[in-house]
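To keep things clear, I will list the structure first and then write my remarks on it.
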Amino acid sequence: MSNPVAKIVSKNVRMQFNDVLAIENATCTINEREFVAIIGPSGCGKSTFLYMIAGFEKATDGLITIDGKPIDGPGPNRGIVFQDFVLFPWRTVMENITLGLEIQNVPKDEAKKRAQKWIRLTGLSGFENAYPATLSGGMKQRVAIARALTYDPEIILLDEPFGALDVQTKNYMIKDLQNLWAEANKTIIMVTHSVMEAVLLADRVLIFGARPSSIIANIKIDVPHPRTLSNPNLKEYEHEVTRILSAEVDKSMSLERNVLA
Ligand SMILES: Nc1ncnc2c1ncn2[C@@H]1O[C@H](COP(=O)(O)OP(=O)(O)O)[C@@H](O)[C@H]1O
Ligand SMILES: [Mg+2]
């Protein structure tokens, strides 16, 4: 295997919102074609960090670079998938998926052709002409994922992409999507609060500590894909991440109690 190439580098990133210091220090390197999961207590700044990489938010201090260049707003090299699908109800599945290409003035036929591959791989074949209202939550999320992949950015940012789904749908989708990420061959950052999702999908898990947060652990998940949770090695990783995370969740809960007291 060739040496890893740094894609996204975050150095001493700090984020202050008025009187809330959300992130004290986020320092990490994410390599080209790596799948990194970010996990941490609620409110520790995971989404904020993702939005800074997306270019929606600017760090108070520190620097994030992509391919060595400082981030200066959103760009076509990044695609983002939110927790709540964000589909346009008046557009069909196909029209939602080709939206990004349409904005880039890609001809309609070409856009459809490019969409077709991801429609197939996300299991949406046959639903091209359906409207979002007629789809289940899991299918809507697949449309959002297919849209990001069709747009073909180098980096995909996922903010709790399975958060709005019921447990069965979520488990099914995670299992199903494992091969998709391998096929997509992209740099992927997924924010999640689920240890199971993180260890099943990611090459590496970054754990954010309680607010004001910093990255307190960096765990490489050395298990080949596709993975199953019953794999004893994966179980060990799951325990390790859970142990570190629980301590941080306890810390952040007691901090909140102190504020309320
Ligand atoms: N635009 C904003 N203005 C003020 N405070 C914000 C803003 N965005 C996030 N925060 C605060 O920053 C902290 C981190 O938020 P967030 O990144 O959404 O956490 P997470 O995604 O880890 O749950 C929270 O305390 C949140 O209330
Ligand atoms: Mg969040």
Side-chain angles (χ1 to χ4, degrees), residues 8 10-28 30 35-64 66 71-74 78-87 137 140-141 144-145 148 155-167 170 173-174 188-202 204-219 241-261:
I8 303 165
S10 172
K11 245 192 219 149
N12 301 324
V13 162
R14 180 183 162 92
M15 187 54 144
Q16 176 110 33
F17 292 110
N18 304 317
D19 51 351
V20 177
L21 178 57
I23 299 174
E24 184 158 57
N25 186 338
T27 296
C28 63
I30 292 160
F35 190 138
V36 170
I38 291 178
I39 198 162
S42 167
C44 72
K46 303 180 295 296
S47 294
T48 301
F49 187 58
L50 207 66
Y51 298 161
M52 286 194 279
I53 296 171
F56 302 155
E57 300 265 16
K58 200 168 171 1
T60 314
D61 241 314
L63 186 68
I64 309 179
I66 297 178
I71 293 171
D72 182 24
R78 283 150 288 157
I80 188 157
V81 177
F82 298 95
Q83 174 170 357
D84 321 303
F85 335 118
V86 217
L87 302 181
K140 283 184 202 162
Q141 193 55 290
I145 290 168
I155 299 166
I156 295 207
L157 307 168
L158 304 156
D159 193 6
E160 304 205 21
F162 312 115
L165 305 177
D166 62 83
V167 178
K170 180 169 111 171
M173 263 186 79
I174 292 167
I188 298 170
I189 307 178
M190 177 181 76
V191 165
T192 176
H193 58 253
S194 158
V195 177
M196 190 265 285
E197 279 174 29
V199 299
L200 266 176
L201 292 168
R204 201 147 57 88
V205 179
L206 299 177
I207 307 180
F208 273 55
R211 200 177 60 235
S213 63
S214 51
I215 298 173
I216 56 160
N218 171 2
I219 298 168
V241 175
T242 304
R243 184 177 53 75
I244 301 169
L245 182 63
S246 317
E248 291 307 313
V249 171
D250 287 348
K251 233 187 263 174
S252 97
M253 297 293 247
S254 66
L255 284 175
E256 257 167 50
R257 267 199 294 277
N258 288 341
V259 170
L260 294 174

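Starting from 1, each residue takes its place in the sequence as its number. Counting starts at 1 for both ligands and their atoms, following the listed order.
Atom 6 (C) of ligand 1 is approached by the protein to below 4.0 angstrom, counting heavy atoms only. Using a 4.0 Å threshold on non-hydrogen atoms, atom 12 (O) of ligand 1 counts as touching the protein.
The contact set between ligand 1 and Ala22, taken as ligand atoms under 4.0 Å from a residue heavy atom, comprises 12 (O), 13 (C).
In terms of N/O distances under 3.5 Å, ligand 1 is not approached by Val20. Residue Gly45 places at least one N or O, backbone or side chain, under 3.5 Å from an N or O of ligand 1. Not a single N or O atom of Ser42, backbone or side chain, sits closer than 3.5 Å to an N or O atom of ligand 1. Between Arg211 and ligand 1, at least one N/O pair is under 3.5 Å apart.
Between the side chains of Arg204 and Asn218, at least one donor N or O sits under 3.5 Å from an acceptor N or O.
Listed by chain and number, the residues in a side-chain contact (heavy atoms from CB on, under 4.5 Å) with Ser252 are Pro41, Ala210 (sequence neighbours excluded). Qualifying salt bridge (charged side-chain N to carboxylate O under 4.0 Å, His left out) partners for Lys251, counting only residues two or more places apart in sequence or in other chains: Glu248.
Under the side-chain hydrogen bond (donor to acceptor under 3.5 Å, both in side chains) criterion, the residue pairs touching residues 40-56 are Ser47-Asp159, Tyr51-Asp159, with sequence neighbours excluded.
Looking from atom 15 (O) of ligand 1 to the surrounding protein, the closest heavy atom is Thr48 OG1, 3.7 Å.
In summary, Lys170 and Glu197 engage in a salt bridge, as defined by a charged side-chain N under 4.0 Å from a carboxylate O.
For the pair Gly40 and ligand 1, no heavy-atom separation below 4.0 Å is found.
Excluding water, every protein N/O/S atom under 2.8 Å from the Mg ion (ligand 2) is given here by residue and atom: Ser47 OG.
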